[in-house]
Structures are given as C-alpha cells and as structure tokens.
Amino acid sequence: KRIPSTHLNFPLYLKYKGVRLHNARPYLFVGVKFVMDLAAQAGKIENENESEVVVKLYRGDIAFEAGVGFDFYYNWFKMGIELRMSYGIQNLLKSEDNIYTDPIDSIHSKIFQLVFTFE
C-alpha cells in the first residue's frame with residue numbers, strides 16, 4: 001500500500017570539524033530532529049462512503065541523527081558531501097481495525113541520505 005508523505009524537518013546538531021588538509025576538512029555530527037509529516041492522515045475523520053482503506057500515520061516524530069562528511073574548499077565556493085543516518089523513536093502507525101494495520105506492530109522511520117551542499 002502506497003502512503004504519501006511530505007516531511008518538514010527541524011534539526012539540532014552538534015558538529016565536530018577535523019583539521020583542514022589542503023582543501024578538504026572532515027567532520028562528524030550527531031543530533032536530534034523533529035519531523036512533521038504534512039500529509040499525515042491520523043487526525044482526519046474517515047468518510048463512511050469511501051471504499052478504499054486509508055493507512056494513517058501520526059504527524060510528528062522525533063529522530064536521532066548521525067553522520068560523517070567532507071567539506072571541499074574551492075576558489076569561489078565550498079562543496080560538502082555528507083552521509084546521514086536517521087532513526088525515528090516514535091511509533092508512527094495509527095492502529096485501526098483493517099487489513100493493512102492489523103499485522104503491523106509499529107512503524108519507525110529509518111532514513112539514509114547522501115547530501116550535497118554548495119555554499
């Protein structure tokens with residue numbers, strides 16, 4: 001079953017930067033983020049006339065996040081490459097009595113990202 005999601009993230013990170021070697025600097029970071037799903041269905045009232053079963057997820061989540069990255073310094077800009085791992089700690093599934101949610105105990109977000117930044 002396809003479940004649409006549109007996330008808005010509010011991160012808070014602690015970042016440790018290493019020593020700059022030539023034009024590159026490694027860094028590590030850890031932190032937490034609050035995630036808001038703008039397409040969440042958990043607060044909506046179900047229409048009795050609908051024949052399709054809707055899987056509902058809660059709107060808010062809190063996640064731990066960690067990652068490693070490199071900043072590359074050039075004459076006109078700085079480029080960063082970063083690998084992130086995020087693990088949500090709250091159960092996002094709103095359990096209802098239907099064929100999609102009965103077999104599932106919980107849904108937690110686990111996200112791996114490759115991020116490129118240009119400054």
Side-chain angles (χ1 to χ4, degrees):
K1 177 106 179 119
R2 191 175 291 264
I3 304 171
S5 293
T6 303
H7 291 151
L8 191 61
N9 296 324
F10 300 99
L12 179 64
Y13 298 139
L14 291 174
K15 188 175 184 179
Y16 174 75
K17 294 182 179 182
V19 178
R20 183 174 168 172
L21 267 55
H22 303 288
N23 287 331
R25 175 182 291 199
Y27 62 88
L28 299 169
F29 71 91
V30 295
V32 296
K33 71 177 179 179
F34 176 74
V35 180
M36 185 184 309
D37 187 359
L38 300 177
Q41 300 281 331
K44 295 187 179 176
I45 298 171
E46 194 170 308
N47 188 355
E48 307 253 341
N49 296 333
E50 287 185 18
S51 61
E52 183 179 338
V53 175
V54 177
V55 175
K56 296 181 180 179
L57 300 179
Y58 289 111
R59 185 173 294 274
D61 190 15
I62 296 174
F64 292 113
E65 199 161 56
V68 62
F70 287 92
D71 285 333
F72 298 101
Y73 298 91
Y74 297 100
N75 290 336
W76 300 101
F77 65 95
K78 179 176 85 168
M79 183 181 80
I81 299 174
E82 185 175 287
L83 183 63
R84 290 183 189 175
M85 188 276 186
S86 177
Y87 182 75
I89 57 174
Q90 294 182 346
N91 181 12
L92 297 177
L93 181 66
K94 182 175 182 179
S95 295
E96 296 179 330
D97 190 23
N98 61 45
I99 62 170
Y100 296 113
T101 60
D102 284 346
I104 301 172
D105 291 331
S106 65
I107 293 178
H108 297 275
S109 60
K110 294 178 187 173
I111 301 169
F112 291 92
Q113 293 177 316
L114 182 61
V115 179
F116 297 96
T117 57
F118 297 95
E119 295 179 26

> Distance from Glu65 atom CD to Gln113 atom CD, nearest 0.5 Å?
6.5 Å
> Crowded around Leu14 CG? As in, over 12 foreign heavy atoms under 6.0 Å?
no
> Please name all residues satisfying side chain to side chain donor-acceptor pair (under 3.5 Å) with Ser86, sequence neighbours left out, ordered by chain then number.
none
> Tell me, with the steps shown, if Tyr74 and Asn23 meet side chain to side chain contact (heavy atoms under 4.5 Å, CB included).
CA-CA 7 Å; Tyr74 297 100; Asn23 287 331; over 6 Å; no
> Membership question, hydrophobic clusters at under 4.5 Å side-chain separation (ILVMFWY): are Tyr13 and Phe34 in the same one?
no
> Between Leu114 and Met85, is there a shared hydrophobic cluster once you connect ILVMFWY residues whose side-chain heavy atoms come closer than 4.5 Å?
no
> Contact between Asp61 and Ser109 at the side-chain level, heavy atoms closer than 4.5 Å - yes or no?
yes
> For Phe118, what residues pass the side chain to side chain contact (heavy atoms under 4.5 Å, CB included) criterion, not counting sequence neighbours?
Phe77, Met79, Phe116
> Is there a path of hydrophobic side-chain contacts, each under 4.5 Å between heavy atoms, that joins Phe10 and Ile89?
yes
> Spell out, yes or no, whether Leu92 and Leu38 are grouped together once hydrophobic residues are joined by side-chain heavy atoms under 4.5 Å, including indirect joins.
no
> Going hydrophobic residue to hydrophobic residue with side-chain gaps under 4.5 angstrom, can you get from Ile62 over to Val35?
no
> How far does CD1 of Ile111 sit from NE2 of His7, to the nearest 0.5 angstrom?
6.5 Å
> The criterion is side chain to side chain donor-acceptor pair (under 3.5 Å); which residues satisfy it with Glu82, sequence neighbours excluded?
Tyr27, Arg84
> How many angstroms lie between atom CG of Asp105 and atom CG of Leu93, to the nearest 0.5 angstrom?
9.5 Å
> Please check: side-chain N/O of Arg59 versus main-chain N/O of Asp37, any donor-acceptor pairing under 3.5 Å?
yes
